[in-house]
Structure formats: C-alpha cells, structure tokens
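Everything on this sheet refers to the single structure shown next.
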Amino acid sequence: MNEVCFRTRHLPNPASLETYRSIGGYETLKRLVTEKVPAAEIINQVKLSGLRGRGGAGFPTGLKWSFMPRYYDGPKYVICNTDEGEPGTFKDRDIIRYNPHQVIEGMAIAAYAMGARVGYNYIHGEIWAEYLAFERALDEARAAGFLGEHLFGTDFSFDIYAHHGYGAYICGEETALIESIEGKKGQPRFKPPFPASYGLYGRPTNVNNTESYASIPYILQYGGQAFQDLGVPGSGGTKIFSVSGHVEKPGNYEIGMGTPFPKLLELAGGVWKGRKLKAVIPGGSSTAVVPGEIMMQCTMDYDSIAKVGGSSLGAGSVIVMDETTDMVQVLNRLSYFYYEESCGQCTPCREGTGWLWRVVRRIAQGKGRPEDLDLLLDVSNNISGRTICALGDAAATPVISFIKHFRPEFEYYIQHGRSMVTG
Amino acid sequence: MPQIEIDGIPVEVEHGISIIEAADKLGIPIPRFCYHKKLSVAANCRMCLVQVEKFAKPLPACATPVSDGMKIFTRSKAAVEAQKSVMEFLLINHPLDCPICDQGGECDLQDLAVAYGSTKSRYTEEKRVVVNKNIGPLIATDMTRCIQCTRCVRFLKEVGGLMELGMINRTEHAEITAYIGKSVESELSGNIIDLCPVGALTSKPFRYSARGWELERRPAIAPHDGLGSHIEVHVKNGRVMRVVPREKESINECWLSDRDRFSYEGVNSPDRLTKPLLRRGDQWVETDWQSALEFAASRIKDTIARHGPDQIGMLISPHSTMEEGFLLKKIAKGIGCGNIDHRLRRSDYRLDGNFQGTPWLGCNLTDINQLDRILLIGSILRNEHPLLAHRFRCAVKYNEAELSLINPLGQDFLAPVAHKVITSPDGMVEMLLQVLKAVSTLERRLLCLCLPPALTRVMETVEVSETARAIAASLAGYGKTYDLISPRVGVFLGNLAQHHPRYAELYTLAEAIASLNGAVFGVLSETNNRVGLNLARAMPRRGALNARTMLEQPRKTYVLFNVEPEFDCHNGKMAADAMAAAECVIALTSYKSEALRDADVLLPIAPFTETSGTYTSMEGRVQSFAAANRPLGECRPGWKVLRVLGNLLGLEGFDYESSEQVKDEVFEGEAPSKVVWNRLNNNLRVLFDIEIRPPSMKLQRIGDIPLYQTDGTVRRAPSLQAAGKNCIGYVSMNGKDIQSAGLKPGTLVRVSQGGESVELPLRQDDRLASGCARVPLGPSTARLGDLFGEIRVEAIR
Amino acid sequence: MLSAEAIAQIDRELTKYPPEHRQSAVISALRIVQAEQGWLSQENITDVAEYLGIPPIRALEVATFYNMFELKPVGKYKITVCTNISCMLRDCASIVQHLEKRLGITFGETTPDGKFTLREGECMGCCGGAPLFHINNTDMYEFLTPEKVDEILEGLK
Ligand SMILES: Cc1cc2nc3c(=O)[nH]c(=O)nc-3n(C[C@H](O)[C@H](O)[C@H](O)COP(=O)(O)O)c2cc1C
Ligand code: SF4
Ligand code: FES
C-alpha cells in the first residue's frame with residue numbers, strides 16, 4: 001500500500017524515533033541542511049508535488065511557502081496546526097500517535113526552507129495523551145540532535161514547542177490559533193495582512209496542517225513528482241480519509257488521491273448493518289452534504305468532489321449516513337455546533353449562528369413554520385462571505401446544502417411536526 | 001499614489017490607507033460601529049461592508065487597504081444589501097427601546113437603523129439579556145444594549161494604557177466587562193462614553209437628566225490642566241448638564257480627561273455662592289453688591305491709610321483668566337501694592353528676577369509624540385496632565401522613545417520607562433547633578449556650557465551612578481540596538497518639581513542638561529493658565545512679597561481671588577493662620593467654603609462656565625472663550641467685579657465694557673501670538689548655584705496634589721470625588737521605612753507637621769523613595785504644613 | 001497563591017515562548033492550576049495573571065473563552081461526552097441516557113456527593129472512536145457501550 005503519513009503505522013512501536021529512522025527518517029533533513037540545498041529548490045519540489053493544504057482549504061503548500069519573506073530581519077515562525085476539531089476529522093491525532101517524527105522532520109524542513117528558528121505545534125485541547133506523546137517525541141528528537149542549536153554541525157538551529165489548546169474549535173483557524181499562542185482568546189484576525197507577513201508576535205509565520213507537514217519528508221526524500229504520482233493531476237499524493245458515522249469500520253484510511261469513493265467505503269467495511277447509503281459529508285462538517293447516489297460517482301480528490309459532488313474535499317473527513325438518518329436532527333446538531341463555537345467577534349456569525357440554530361431547532365421540535373426554510377436560506381446567505389473568518393461560511397454551508405438536498409424532509413417536519421424518516 | 005474610484009468619483013489617495021479613510025476624506029458616508037480613526041482596526045461589526053469591483057464578496061471598508069485602480073461602490077445594491085443584513089443581525093438582540101434609552105437621539109445604532117433597518121423583525125426568538133455591571137461612579141452601563149464593537153476595550157488598552165475592560169465568553173454570550181468586582185479607574189475613562197456607539201455606556205452623572213436635543217451646546221476651554229482642551233458645555237435651563245470634548249487634533253485630539261469632563265458637577269454644587277455675604281460677628285449676612293463692594297473698597301483704603309499698601313496681600317488662583325489676573329494686578333499697582341501672586345503652591349522663588357521670559361512647555365503638544373529621548377523631572381504626569389501623559393505614551397509606543405523619570409514616588413506610567421529614579425526630594429537634585437556630570441563627560445555633548453563656578457566645584461565632588469550614566473547616554477542618543485545620530489530630546493519639569501523646595505536648583509540643572517543635549521527644555525503648566533497669568537504679570541513687583549512670603553510675613557489685609565487658602569497654598573497651615581490673624585480678608589469666590597471662615601466679605605464670582613476670558617496653555621496657545629452659561633444667582637464674572645472695585649477705589653482706566661477690551665490691554669494692543677512669541681522663554685539669565693546637601697535624616701513629606709484635589713471646582717464634583725476617594729486621606733511609606741519606624745501598615749498613625757497633627761491610616765507603598773512619607777493634599781491633610789519638608793509619622797499610643 | 005508545583009510547571013511552559021511574551025503561557029498556566037484545584041476560582045485567575053504580569057481581565061477572557069475551563073466547582077470526575085455528529089450517528093444518545101440514569105444527573109450537573117459532573121462536549125477530533133467521552137479533560141475513552149461505561153465508572157474511586 002502506498003502510504004506517506006502513516007508509513008510507520010504497521011511497524012512495531014510506530015511512534016518511536018528508532019522506527020522512524022528505520023525508514024530513513026531525518027535523513028532527508030540532514031541531507032538538505034548539510035548539503036545546504038537552496039530554499040528555492042525545496043519549495044520547488046513542494047510545488048511540484050501538488051501537495052495542497054490538508055487543513056481544509058486545500059491551498060497549494062509550495063505556493064504558501066513562497067509567500068514567506070526571504071530577507072527579513074528578525075524571527076520567523078512555522079506553526080503546525082493539530083487543532084483538529086472539525087466534526088468528522090480525526091486524522092492528525094493518529095499522525096501524532098503513530099508517526100510524530102515525520103511531522104517534526106516536516107516542520108524542520110519547512111523551517112529550513114523558510115528561515116524559521118522556532119516552531120510551535122498547536123494541539124487540540126481534548127487530546128491530552130497525544131499532547132504528551134508529542135512532547136516525548138520532541139524530547140527524543142532533541143536528544144538525538146534533530147532539534148536544537150546548530151543541527152548537524154551547521155549554522156541551522158531549530159526547535160519546536162508543543163502548545164496545548166483548551167477547547168475551542170475556532171483555534172483551528174490559523175489566525176485564531178496564532179492569537180491563542182499569544183495567550184489571547186482565539187479570535188481570528190482580519191486578513192490581510194496574512195500570517196506570512198504578520199503572524200505570531202507580528203512576525204512572518206507559516207501555518208500548515210499536521211498532515212501537510214507530515215507529507216514533506218516524503219516529498220523531499222523521493223521527489224515532488226513521486227508524491228504527485230501517488231494521486232491525480234490537481235490533487236497530488238495520498239490523503240488520509242477519516243471515515244466515521246454509519247460504516248462498519250470507522251477509521252483513518254490513507255489512500256491515493258483520486259480513489260473512487262466506493263473503494264473507500266469498502267475499505268471502511270461498507271455501510272453498517274447492511275443498510276443503504278443515504279448521504280455523505282465528504283470533507284468535515286463545514287462541507288456541503290452530498291446525497292449517497294451522487295457520492296458514489298465521485299472520486300476522492302479536490303476536483304471530483306467539487307464538480308461531481310458539489311461539495312469540497314475539506315480535510316477528508318468522510319461522514320457516512322445511512323437510510324435511517326433523520327437529516328433534520330443532524331442539521332440541528334451541526335447548527336448547534338457552529339452556534340456554540342462562534343468566537344463571538346463579528347456580527348453576522350455571532351448573531352446569525354444563534355438565529356440559524358434556533359430556527360432549525362424549532363423545526364426539529366416540530367414547531368417549524370412555513371416561512372422557516374426561506375428564512376434559513378436567507379440568513380445563511382447573509383452570513384456567508386460577510387464574516388472575518390470562514391466559520392461563518394462553515395455554519396451556512398450545512399444549512400444551505402441540507403435544505404437543498406433534503407428539502408422534503410424539512411417540509412415534512414414543518415407540516416406534520418415529526419420526522420419523515422423515523423416517524 | 002493610487003488612483004481609485006469611489007461611487008464613481010475618481011480620486012488619488014495616499015498609499016496604504018483604508019477604503020473608509022479614503023471615503024471619509026471625500027465626505028462619502030460609510031456606516032460603521034467598530035471603526036474609529038484613533039483606535040486599532042477590529043473589523044468586527046461588519047457594518048462598513050462595501051462592494052469592490054472584481055471581488056465576489058463585500059469587503060469591510062475599515063480594514064481593506066486601497067489599491068491602484070480599485071473601484072468601490074458604497075451604495076450599490078450589493079453593498080446596501082450587505083449593510084442591511086448586518087443591521088438586521090445587530091438589531092435581533094438589541095432591546096429597541098430607544099424612548100427609554102439614555103442614548104436616545106444621539107445613538108449611532110438608532111441613526112443607522114433608520115437608514116438601513118427594516119421595520120419588521122424576522123427574529124422571533126427571545127432576546128439576549130446581559131447582566132449589568134457596575135464599573136464605577138462615572139460610567140453607567142446597560143450591557144444588554146452592547147453591540148460588541150469593542151471600541152471601549154480598545155480605547156482603554158491603547159489610549160488609556162491599561163486593559164481594564166475585556167470581552168469575556170464567546171458566541172452570542174460574549175460580553176464586555178471589567179475584571180470581577182473592579183471598576184474602570186483610568187483617568188481618561190469618560191471617553192468610552194463618547195466612543196460607545198449605542199447606549200451601553202453612558203455618563204452616570206448625566207444619566208436621565210436631559211435629552212440630546214434639549215441641550216444648548218457652547219464651546220469652551222477646559223480649565224484643569226495645562227493643555228487647554230477644547231470642550232463643549234451642554235446647558236439646559238441655565239444649568240450645565242454635561243461637558244464633552246470638541247475635537248482638536250493638536251491639543252486633545254478627540255479625547256478629554258475625566259477631570260475636565262466631569263468637573264462641571266462642581267459648578268452645580270450647593271456650595272455655590274449666589275449673593276454677596278458680609279460677616280457680622282459669627283454670622284454671614286446677605287447683602288447687595290453695592291454695599292459689599294463698597295465695604296471691600298473701604299477696607300482696602302483703610303488698610304492703606306493705616307498701614308500702607310504694603311500690608312495688603314493679593315492671592316489669585318492660577319486657574320483664573322488672564323483678564324482677571326491682569327485686572328487684579330492693575331488694582332494692586334493702582335493702590336501701590338506689589339504683593340500679588342498666582343504661584344500659590346510654590347515654595348521656592350529664588351529664581352524670581354532671573355527668568356528671561358515666561359516659562360512654558362518649550363514646544364508644541366504635538367511635538368511630544370515625535371520625541372526620541374525624554375527626561376521628565378518631578379511629575380506625576382497622569383494626575384497632572386492626563387492627556388499629556390497619553391502623548392508621552394505615544395512617543396514611547398509609536399516612536400520608540402526612551403523615557404527617563406526622576407521622581408520621589410512612583411506612578412505606573414502605563415508604558416515602558418527606560419530609566420526610573422525614585423529618590424527623595426534632595427536626592428532629585430543630586431541625581432540631576434550626576435546626570436549633568438555624566439552628560440558633560442560624554443563625547444557627544446553638543447557644546448561646552450559655562451557653568452557657574454560654584455556649580456563647577458560641586459560637580460567635581462559628584463560621583464556619577466550607573467543610572468545617571470545610563471540616562472545621560474540615553475539623552476545623547478545612544479541606544480540598546482541602535483544609536484540615534486540626532487535624537488529629538490526633551491527635558492521637562494513637572495508640577496511636582498515646581499512645588500519642590502529646591503525648584504531653583506532643579507530648574508538650573510534641567511536647563512543645563514537640556515542645553516548640553518540640544519534638547520527642548522520645557523516647564524509644564526501647574527494649571528490651565530499659569531502661563532497666561534505670568535504673561536498678565538499677576539506676580540509680585542520686584543522686591544515685593546510672593547505668595548509664600550505674603551503668608552510667612554502676615555499681612556493685615558488679604559484679597560483672595562478664588563483661593564481656598566489651606567487647599568491651594570504650599571503651606572496650608574501657614575495660609576490658614578495668616579487668614580485668621582488678618583484684620584480683613586476680602587474673598588472673591590465662586591464657592592462658600594469652610595476655608596474662607598476668616599473672610600470678612602464674600603463676593604460671588606463666576607466659575608469658568610459663566611464668564612468670558614482667556615487662558616494661555618502651556619504650549620503658549622492663547623484661547624479666549626465666551627460664557628457658556630449665564631451667571632448663577634447674583635454672581636458676576638470676575639473681570640466685572642474687579643472693574644467696579646477698581647472704580648470704587650478711585651483708580652483710573654477701569655471702564656471696560658467687555659472682557660475683550662481687557663484682553664486687548666493685556667496684550668498691549670498686539671496680536672497675542674506676537675506677544676507669546678516674544679515673551680515665552682525658558683532660559684535663565686544666569687545659571688543658579690547649586691549646593692550639595694547631605695541627605696536629611698528627617699522624614700520628608702511628599703505632598704502631591706491628587707487627581708481630583710486640584711482646585712475648588714474639582715473638589716466639589718461628587719462623582720469625581722467618588723472616583724478619586726482611593727487617593728486621599730492616607731499616609732504611605734515604603735516597607736522598609738515602615739518597619740524601621742516600628743509601624744504597621746493598615747493602622748492609624750499620627751502625622752504631624754508645622755504644629756498640626758492628624759491621624760491617618762498608613763499604607764505601604766514600595767514605589768516611594770526611602771526617607772519619605774507621602775501625604776497627599778486632601779480634606780484631612782490640608783491644614784498640615786509644607787507640601788514638602790520635614791514631617792513626623794508616629795504610632796498612636 | 002500559586003503552589004510551588006504549579007509555579008514549577010508554569011515556568012516550564014514559559015520556556016517555550018520568548019521572555020517578553022509571558023502571556024503565551026496563560027492557557028497552560030490556567031490548565032495547570034485547574035488540574036490542581038479542580039476548577040478556577042477568581043483568586044486563581046488573579047494569581048495566574050499576576051504571575052504572568054498581564055491584566056487580570058486578559059486572563060479572565062481566556063478562562064471564559066476556552067470550553068475546558070471550569071469557573072465553578074465540579075465533581076471529582078468530570079465526564080465530558082461528545083454529542084457531535086459522528087458520535088450522534090453512532091448513538092451517543094444511549095451513552096448519555098445511561099450515564100444520566102446511573103448518576104441521576106443531566107448535563108451541567110454534579111452528583112450530590114460531589115463525585116461526578118456531566119458535561120456535553122463538542123467534537124474532540126476522535127470521531128473514529130465514537131461514541132466517546134473524556135474524564136477530567138485528560139483521559140479519553142472510546143467505542144463506548146453501556147457495559148463499558150459501567151466498567152469505567154466502577155474503576156473511579
Ligand atoms: C473555523 C475553521 C477551523 C479550522 N480548523 C482547522 C483545523 O482544525 N486544522 C487545520 O489544519 N486547519 C484548520 N482550518 C484551516 C486553517 O485556517 C488553515 O487554513 C490551515 O491550518 C492551513 O494549513 P494547510 O494549508 O496545510 O491546510 C480551519 C479553518 C477555519 C475557518
Ligand atoms: S466568523 Fe465567527 S468565528 Fe470567525 S471571526 Fe467572526 S465571529 Fe469569530
Ligand atoms: S466599521 Fe468596519 S467592520 Fe466595523
């Protein structure tokens with residue numbers, strides 16, 4: 001099987017430094033640093049790999065790196081985003097659990113390429129064991145001379161610190177995350193300026209997802225093209241898909257981009273209890289829901305999910321729903337989530353998410369009104385694109401897509417005061 | 001410069017400004033709540049969304065920088081739709097009870113809701129209710145009305161200097177609050193009332209007393225510190241209801257200190273004297289103006305006849321107008337009396353006769369922001385001139401200025417201080433000597449000064465400390481990471497320095513240090529019109545008595561112009577005794593006062609809101625104003641009373657018909673700016689000789705003037721008194737001194753000075769120089785002796 | 001007053017950040033104090049702010065923003081159950097019901113003996129293990145069944 005981020009998962013003691021070194025771990029870093037490979041060349045390989053940010057937005061990683069100012073008098077930072085809290089997403093936790101050193105090496109390579117001396121890994125509040133595990137991995141790497149001053153006897157110095165979150169989904173948003181490392185509330189900053197020019201402590205900062213960093217050592221070990229070839233044009237490499245919900249074997253599956261969805265579903269043991277597929281949220285709760293039959297036509301890559309599925313690949317968090325699912329109740333729960341997690345800073349999100357949830361709840365309680373669906377769509381559209389960060393859009397997307405694809409279920413609730421599915 | 005187009009109007013704008021700034025310059029209105037030109041950009045209200053060509057989504061005008069070729073539409077369908085939707089969101093949880101809201105009629109939300117809101121709400125759920133907060137006596141809160149724009153939070157952090165408010169919680173439960181159980185204590189706090197675009201923060205003293213449209217608005221000049229801030233006095237039915245700032249970028253920007261904002265309450269105090277009063281034995285009896293003035297005139301004539309004019313002493317409050325000072329001086333001159341002074345809280349007058357001109361700030365207020373290196377001597381700046389402190393903070397924050405302070409007590413400057421020296425009053429002189437010596441040995445000094453021989457001799461014996469060397473290096477432009485070749489340097493003497501018993505020496509040394517560094521040398525104004533009264537020469541004639549000697553050598557008759565002797569003079573005890581012993585005290589005053597118990601006649605004069613006149617600020621800005629309100633009862637503008645008194649005394653040239661005529665005479669018919677230009681000058685004729693004194697072994701009093709004890713009006717403003725109650729009525733010493741004196745913090749101790757003693761609670765304050773006891777001026781301490789000097793603090797047995 | 005152990009742990013966190021940015025350690029510092037005290041009192045928050053040299057309102061902002069902080073006393077064991085979508089699809093409702101019945105409390109409540117507090121949580125980034133909860137913010141239990149829940153509760157003394 002072609003695995004990149006989970007390369008060690010099947011080996012004994014996968015998280016250990018020893019295991020990681022057995023597959024050539026840290027050799028790439030050493031080569032780049034000691035041979036003084038120019039930053040531009042590294043960034044070129046990353047561009048060539050077709051790697052797109054695994055945190056959800058899918059922004060080309062090589063391009064992002066090239067935005068970091070090269071000649072800058074003062075500290076620069078690289079930050080790893082392990083704050084995954086998007087419902088349906090649980091891949092970064094497993095990367096940290098099974099292969100933390102690949103993240104560390106990836107960050108070190110990034111730091112070398114962008115001229116940073118310090119890195120932070122922001123780890124989601126609820127995964128304490130993984131935070132401790134990552135701290136241990138850092139200690140190991142330090143002790144082995146892969147982090148610290150004058151690595152490999154060169155003038156490149158780099159260290160990483162783990163920063164633990166404490167229960168705020170919004171801190172996954174990169175500028176909120178930066179604010180949080182600065183010791184503030186996780187309230188996103190308005191962009192521009194982007195972190196590459198004004199990031200942590202006002203310094204140039206690069207933020208990438210854990211999986212993005214974990215892909216880096218492979219790319220520089222085998223070349224950007226090799227990584228690209230694992231996937232399809234426009235979506236290079238492998239991707240970890242976190243499959244949850246109504247499947248027999250929920251879990252993380254790292255497969256090549258472009259793999260047909262039915263294949264992934266099969267890997268996850270198929271829809272549970274032999275039931276029929278009703279719908280899939282393909283990229284985490286912020287992406288649009290896709291009806292099962294359309295989803296079965298999709299391949300798992302950015303283009304197909306967008307064009308065929310009308311949704312987005314997001315963080316590859318595949319939430320599977322079987323025929324018994326009450327879509328109104330699902331939306332009710334999702335709307336509550338965005339209401340609960342709004343940072344409260346900007347008006348449309350602070351006021352709008354509560355409004356959305358209250359109307360959806362009203363419908364789900366059988367007290368919906370005929371005008372409610374139009375109201376929901378209208379309020380959603382009034383939030384979309386008018387907020388500081390993408391949480392506003394993320395809150396609107398489920399509402400719009402659920403109503404689009406499952407309108408009769410909502411109308412039934414409004415007319416009959418109960419579910420069309422569960423009665 | 002980028003060329004852009006807003007609503008079809010092509011303009012060229014500065015590089016890097018935001019769309020909202022560009023539109024504001026063009027006068028194109030873009031609705032906003034969170035944006036404020038003086039605060040950081042939060043972009044959280046989203047009210048300013050506009051359409052920009054080539055962008056699918058509307059962009060916030062406040063946070064989007066212009067770029068060349070940008071086409072902006074503020075009123076297009078897309079823009080207005082976005083703005084309307086934001087307004088709808090803002091209103092869903094807003095009470096919408098404008099008729100009972102104190103902000104009603106002057107509310108940004110109300111105004112914009114009329115323009116952008118729809119009449120019917122589509123939101124039918126329950127509205128949010130936010131628990132109200134008590135953040136102190138000045139600001140009323142109604143937090144359910146809050147729209148989370150965070151202007152107040154940003155103001156206190158960025159301008160106030162200390163984050164006293166924050167937004168806690170998240171989601172729609174996000175709310176603005178002070179820390180649990182704390183109130184907002186910033187001396188600039190009132191500005192958040194103006195900043196709040198809705199009725200969440202309103203003025204507590206003003207609350208529910210009037211509607212915006214019922215008020216007459218009159219421009220005026222703020223009376224309590226040396227800035228001369230521009231204010232607007234709001235009057236309803238002949239009563240001042242509130243004071244708000246008028247924008248004046250070069251003075252107060254758009255801010256106002258709480259003292260200048262809320263002191264109007266004093267003007268409305270029940271203490272106001274509304275009729276002339278004559279003493280009959282132990283009783284005050286009302287009388288008419290004619291009798292009162294004739295009485296006053298006859299007593300003055302009588303004193304002259306029996307004891308000579310020299311036996312008269314005239315003390316005028318340094319808050320008086322130039323016209324008042326000038327006329328009182330004219331009377332003094334007319335009757336042949338040289339004893340007149342406005343420098344009531346000074347104790348060291350040794351430089352009199354040695355000034356080349358009128359001491360002033362030495363630069364414009366706006367220049368302060370641009371300074372690179374600053375030495376501030378003897379100033380509790382946040383109390384003395386709250387908004388000037390803001391300018392110094394700006395210099396430190398935005399211009400990376402290095403600030404050095406030499407003070408006998410510490411006050412948190414709310415900005416990084418490079419070098420802080422806290423030392424006894426004598427230690428301050430010694431430290432300046434050290435700095436002077438350090439400066440003169442630096443290679444970079446500008447010139448060689450010819451120091452007086454005694455000073456040169458003294459300098460030889462001075463040992464330069466590390467700190468003094470560091471201050472000198474800083475002033476010379478040396479820096480931690482970067483040396484400035486030609487730093488802009490300022491050396492300033494604060495109010496405390498001017499009250500210092502060795503002011504002459506501080507002044508000389510400061511001037512010498514400044515000259516060696518090519519620095520601006522400035523003297524802050526103890527009050528709003530010290531410079532003006534100096535220009536008007538309300539000071540003793542050569543050889544006559546100054547404010548202190550007038551009391552040390554008691555006179556038979558005193559004329560007091562808005563003076564409460566024990567509160568307003570350097571030595572309250574001495575002042576009170578002198579009044580008690582005098583044959584006659586004639587007091588022109590706005591207030592009845594226990595401090596005027598020994599007066600024989602009280603003549604009611606108008607406070608700053610009810611008179612016209614002129615103040616000259618510490619930067620030499622001559623500002624005249626008209627009366628904002630008509631005089632209360634029978635009280636009269638001071639200049640008119642003095643005019644009649646002059647006439648009754650049979651003096652020539654007292655036939656003014658307006659205060660402008662007086663002003664013309666003050667400036668001898670010249671343009672004020674010309675007079676100011678010619679007369680403001682901080683240089684001494686000759687540098688003063690300094691003596692080195694071994695530090696006194698006796699405990700020294702530091703008698704600073706608390707924020708809300710500056711003058712009679714402020715002392716009568718109940719809300720300010722409530723806000724400042726924490727700063728008076730105690731004695732503090734540093735921990736070591738308390739211990740070595742065998743005292744205990746928190747207990748009552750006996751504080752004695754000049755034959756008086758009071759019992760005060762003792763506080764520990766480690767930011768106080770050792771060997772000193774801080775006993776601020778206040779009701780309980782006013783009758784003690786000198787603000788500085790020996791004092792005893794003992795346990796009560 | 002912060003305990004010596006708490007200070008030692010906070011100091012360790014402080015080494016991660018530039019010395020002029022002590023505020024960066026505020027989340028960890030509050031976490032450390034909460035782990036020690038069970039919840040954050042006003043005094044705790046003031047102490048942390050003082051130790052880091054930041055305005056107390058800053059620390060309060062942080063303490064009220066992040067969900068895992070407790071500003072009121074909680075039971076010895078705080079059980080936070082995720083009810084978000086993936087857990088919902090795998091019937092976390094039955095786990096919640098079971099807990100509620102067994103402990104006799106609902107979300108936000110504490111048992112009278114002060115032993116258990118029940119909380120509803122948001123997505124913990126572990127959806128593959130649904131249904132799940134964590135105890136005292138640190139110990140994660142996945143693939144829960146009512147029987148497994150009983151077993152876990154038995155183990156808590
Ligand atoms: C509300 C919100 C939540 C987010 N949560 C995460 C997250 O948990 N993990 C993550 O890597 N990116 C998250 N992102 C995306 C980040 O802002 C950022 O784009 C990403 O970390 C960049 O890394 P990448 O380019 O490697 O994907 C979130 C964005 C938003 C708007
Ligand atoms: S969109 Fe929501 S989460 Fe994002 S900044 Fe605005 S209020 Fe905060
Ligand atoms: S004024 Fe621009 S977002 Fe508030």
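Residue numbers start from 1 in every chain, and the chains themselves are labelled A, B, ... in the order their sequence lines are given, proteins ahead of strands. From a predicted model like this one, the values you see are computed outputs, not experimental measurements.
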For [X], which atoms come within 4.5 Å of any heavy atom of chain C: side chain, backbone, both, or neither?
{"X": "A:Leu200", "result": "neither"}
{"X": "A:His164", "result": "both"}
{"X": "A:Ser180", "result": "both"}
{"X": "A:Glu340", "result": "side chain"}
{"X": "A:Glu135", "result": "side chain"}
{"X": "A:Cys343", "result": "both"}
{"X": "A:Glu341", "result": "side chain"}
{"X": "A:Tyr166", "result": "both"}
{"X": "A:Val118", "result": "neither"}
{"X": "A:Ile170", "result": "side chain"}
{"X": "A:Thr325", "result": "side chain"}

Who among [options] has the most heavy-atom pairs with chain C under 4.5 Å?
{"options": "A:Tyr120, A:Phe90, A:Tyr336", "answer": "A:Phe90"}
{"options": "A:Lys185, A:His163, A:Arg93, A:Glu86", "answer": "A:Lys185"}
{"options": "A:Asn252, A:Leu132, A:Asp92, A:Val330", "answer": "A:Val330"}
{"options": "A:Pro75, A:Gly186, A:Ala168", "answer": "A:Gly186"}
{"options": "A:Cys171, A:Gly165, A:Gly245, A:Gly251", "answer": "A:Gly245"}

Task: Toward chain A, the part of C:Met124 with a non-hydrogen atom under 4.5 Å - done: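 For C:Met124, the contact with chain A is made by backbone and side chain together.
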TODO: Please flag which part of C:Ser28 lies under 4.5 Å from any non-hydrogen atom of chain A: side chain, backbone, both or neither.
DONE: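 No part of C:Ser28 comes within 4.5 Å of chain A.
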- [ ] Could you walk me through whether C:Arg119 and A:Glu126 pass the salt bridge (Lys or Arg N to Asp or Glu O under 4.0 Å) test, one step at a time?
- [x] CA-CA 13 Å; C:Arg119 279 220 180 288; A:Glu126 283 86 345; over 6 Å; no
Please round to the nearest 0.5 Å and tell me the distance separating atom [atom1] of [X] and atom [atom2] of [Y].
{"X": "C:Asn84", "Y": "A:Tyr169", "atom1": "CG", "atom2": "OH", "answer": "10.0 Å"}
{"X": "A:Arg333", "Y": "C:Ser86", "atom1": "CZ", "atom2": "OG", "answer": "10.5 Å"}
{"X": "C:Asn136", "Y": "A:Trp128", "atom1": "CG", "atom2": "CH2", "answer": "12.5 Å"}
{"X": "A:Gln329", "Y": "C:Ile85", "atom1": "CD", "atom2": "CD1", "answer": "12.0 Å"}
{"X": "C:Met88", "Y": "A:Phe337", "atom1": "CE", "atom2": "CZ", "answer": "14.0 Å"}

TODO: Mind listing the closest non-hydrogen atom pair of C:Cys123 and A:Pro87 along with its distance?
DONE: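 Heavy atoms of C:Cys123 and A:Pro87 come nearest at SG-CA, 3.4 Å.
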TODO: Indicate the atoms forming the closest heavy-atom contact of A:Gly88 with C:Cys127, along with that distance.
DONE: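 The answer is N-SG, 3.1 Å.
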Open item on the list: If you apply the rule side chain to side chain contact (heavy atoms under 4.5 Å, CB included), what do you find for A:Glu130 with C:Met140, and how did you get there?
Closed with: CA-CA 10 Å; A:Glu130 287 71 16; C:Met140 181 72 73; over 6 Å; no
Task: Residues of residues 55-83 of chain C with any heavy atom under 4.5 Å of a heavy atom in chain A - done: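 If one takes a 4.5 Å heavy-atom cut-off, the residues of residues 55-83 of chain C near chain A are C:Arg58, C:Glu61, C:Val62, C:Phe65, C:Tyr66, C:Asn67, C:Met68, C:Phe69, C:Thr83.
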Open item on the list: At under 4.5 Å between heavy atoms, what parts of residues 15-24 of chain C are in contact with chain A? List them by residue number.
Closed with: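 Listed by number, the contacting residues are C:Thr15, C:Lys16, C:Tyr17, C:Pro18, C:His21, C:Gln23, C:Ser24.
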TODO: Go through C:Gly121, C:Cys126, C:Ala29, C:Ala25 and name the one with the most non-hydrogen pairs under 4.5 angstrom from chain A.
DONE: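 Heavy-atom pairs under 4.5 Å are most numerous for C:Cys126.
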Open item on the list: With chain A as the partner, which of C:Ile54, C:Val26, C:Asp139, C:Leu89 has the greatest number of non-hydrogen pairs under 4.5 Å?
Closed with: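 Option with the greatest count: C:Leu89.
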Open item on the list: Counting C-beta onward and ignoring hydrogens, is there a side-chain heavy-atom pair between C:Ile27 and A:Ile181 closer than 4.5 Å?
Closed with: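 Of all side-chain heavy-atom pairs linking A:Ile181 with C:Ile27, none is under 4.5 Å.
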